[in-house]
**Student:** 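Below you'll find the structure I mean.
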There are 2 protein chains.
Amino acid sequence: MKKDRRIDKSKNALKEALICLMNEKEFKSITITEIVHLANLNRGTFYKHYPTQEELLNELIEDILNDLIDSYREPYKTMKNFEVGKMSSSSIKIFDHVERYSRFYTIIINSNVLPGFQNRVCQVLKELVQHDLAAVKPEANIDRSLLSSYNAYALFGLIIEWVNGGYKFTPHQMAEQLLNIILYQTPRESIEAVADTNKLS
Amino acid sequence: MKKDRRIDKSKNALKEALICLMNEKEFKSITITEIVHLANLNRGTFYKHYPTQEELLNELIEDILNDLIDSYREPYKTMKNFEVGKMSSSSIKIFDHVERYSRFYTIIINSNVLPGFQNRVCQVLKELVQHDLAAVKPEANIDRSLLSSYNAYALFGLIIEWVNGGYKFTPHQMAEQLLNIILYQTPRESIEAVADTNKLS
DNA sequence: AGTGAAGTGTTGACTAACGAACATCTGAAT
DNA sequence: ATTCAGATGTTCGTTAGTCAACACTTCACT
């Protein structure tokens, strides 16, 4: 028995409405009545799924982080024995994820609401990078935690700059920028060695 | 008891899906399964409201014509003793209507599917114009049917050109164009006399 | 001719979402 | 301090939409 699609439709409508309202006013001042009005749903439907606005926001954040993880791992589904050199910019999906939730990222990053979100994104990125590193033979004198954190925050910096600049580039252009940075910033002779540590997006 | 909003949501999803599919393929080749798949609805939901695709299309057309009528009459709600000279381009809503259903208008006008639709639009426009004329004192030697048809098709010509040109103007610019044509094409001394016959949009 | 994949039309049991109504609670205006 | 409009949290009966399953048709391909 497949899951009833009405549930997802209602939940998505509520989350979409919440993002929309967060664009306009402070989260704390958003009422449940406002949310269901914008979502075009009965108020009882809200209470069937969430006790408070905070719980709705929490689930939205979980959705976004899960989509971030899926997007990051997207290239891995098709390839094996990953190599940055053979990676095409179109296979990098993490910037598509950011664009998908661009309104939310703009709210969070440009303002100071929900400061913990940025840290959670970085933490997730770091774990994703670290997981990749685990499958690669160790590099001399480089601590894995340090290296993964280095790469995770570098990627996050790219995202921050993109968001704060008002999305002046397409996701594809961002992917190209990332590839260029990875491939040409690294000293030529060590590209192959480091390549496997940079399985970004 | 207000009407159950689930009905409108489902019907709108089906109509939106139909427009989307008509953009890509011939109407006759569109299956019900395709429609409900794109609308993200159960097939039974379709049959609960419509026996065939044709009936869905018919109701969509009725929706569009009703919205056309509402949009045309929008300025009348706020004003009495209508005068074109005092009419602002922002009060003209008929081009907003066309933009709202722009995808549908493009399909119908650029191609030859559903040729009857254009005639129905013109007929509706003519009746709207004629209804306005009925409230105005008769002009010497001008047949009312001819005058209303003249104005209705003139307006339709504006729309056709706009659609075929790929919507190169905003609805507001179109409204300004219409006002300019009405006000400056007419001989100066007869503006007042004809003004009331041009309650367009 | 015959096979099979895909669309059609319908049914039945189940449930999420519906409107309406209720008794609170809140907070800004008086 | 009082009022009162608006938000909250909950309940109840109803219904639109859900999935799954069915028999049937269509038609392209073998």
**Student:** Between A/Tyr50 (OH) and D/dT10 (P), how many Å, whole number?
**Tutor:** 17 Å
**Student:** List in chain and number order the residues that pass side chain to side chain contact (heavy atoms under 4.5 Å, CB included) with B/Ser102, two or more places apart in sequence or in another chain; answer none if no residue qualifies.
**Tutor:** B/Tyr167
**Student:** Suppose we screen for side chain to side chain contact (heavy atoms under 4.5 Å, CB included). Which residues come up paired with B/Ser148, at least two apart in sequence or across chains?
**Tutor:** B/Lys126, B/Val129, B/Gln130, B/Leu133
**Student:** Considering only residues two or more places apart or on different chains, which pairs with a residue in residues 47-60 of chain B satisfy salt bridge (Lys or Arg N to Asp or Glu O under 4.0 Å)?
**Tutor:** B/Lys11-B/Glu59, B/Lys15-B/Glu59
**Student:** Output one letter per nucleotide in nucleotides 16-23 of chain D: B when a protein non-hydrogen atom lies under 4.0 Å from the base, S when only the sugar-phosphate is that close, - when neither is.
**Tutor:** BBBBSB--
**Student:** Got a donor-acceptor contact below 3.5 angstrom from the A/Ser10 side chain to the A/Arg6 backbone?
**Tutor:** yes
**Student:** Using the test side chain to side chain contact (heavy atoms under 4.5 Å, CB included), find all partners of B/Asp70 that sit at least two apart in sequence or belong to another chain.
**Tutor:** none
**Student:** Below 3.5 Å, can you tabulate the donor-acceptor pairs from side chains in residues 113-124 of chain A to any protein atom, sequence neighbours excluded?
**Tutor:**
unit_1, atom_1, unit_2, atom_2, d
A/Arg120, NH1, A/Glu62, OE2, 3.1
A/Arg120, NH2, A/Glu62, OE2, 3.1

**Student:** Given axes from five pairs at either end, by how many degrees does the helix from C/dA1-D/dT30 to C/dT30-D/dA1 bend, rounded to 10°?
**Tutor:** 40°
**Student:** Sorted by first residue and then second, give each side-chain hydrogen bond (donor to acceptor under 3.5 Å, both in side chains) pair with at least one member in residues 17-29 of chain A; sequence neighbours left out.
**Tutor:** A/Lys25-A/Glu34
**Student:** Who pairs with A/Asp96 by side chain to side chain contact (heavy atoms under 4.5 Å, CB included), at least two apart in sequence or on another chain?
**Tutor:** A/Lys93, A/Arg100, A/Pro171
**Student:** On DNA chain C, reading 5' to 3', which nucleotide is the first and which the last to sit with an atom under 4.0 Å from a heavy atom of chain B, could you check?
**Tutor:** C/dG7 to C/dA20
**Student:** In residues 154-164 of chain B, what donor-acceptor pairs under 3.5 Å come from side-chain atoms, sequence neighbours left out?
**Tutor:**
unit_1, atom_1, unit_2, atom_2, d
B/Trp162, NE1, B/Phe169, O, 2.9

**Student:** Could you check which residues of residues 28-37 of chain A get a heavy atom under 4.0 Å from DNA chain D? Sort them by number, please.
**Tutor:** A/Thr31, A/Ile32, A/Thr33
**Student:** What is the minimum heavy-atom distance between B/His97 and B/Asp67, and which atoms define it?
**Tutor:** ND1-OD2, 2.7 Å
**Student:** May I ask you to check whether A/Tyr72 and A/His131 place their ring centers less than 6.0 Å from one another?
**Tutor:** no
**Student:** Count the heavy atoms belonging to other residues, nucleotides or ligands that lie under 6.0 Å from NE2 of B/His37, then report whether that count exceeds 12.
**Tutor:** no
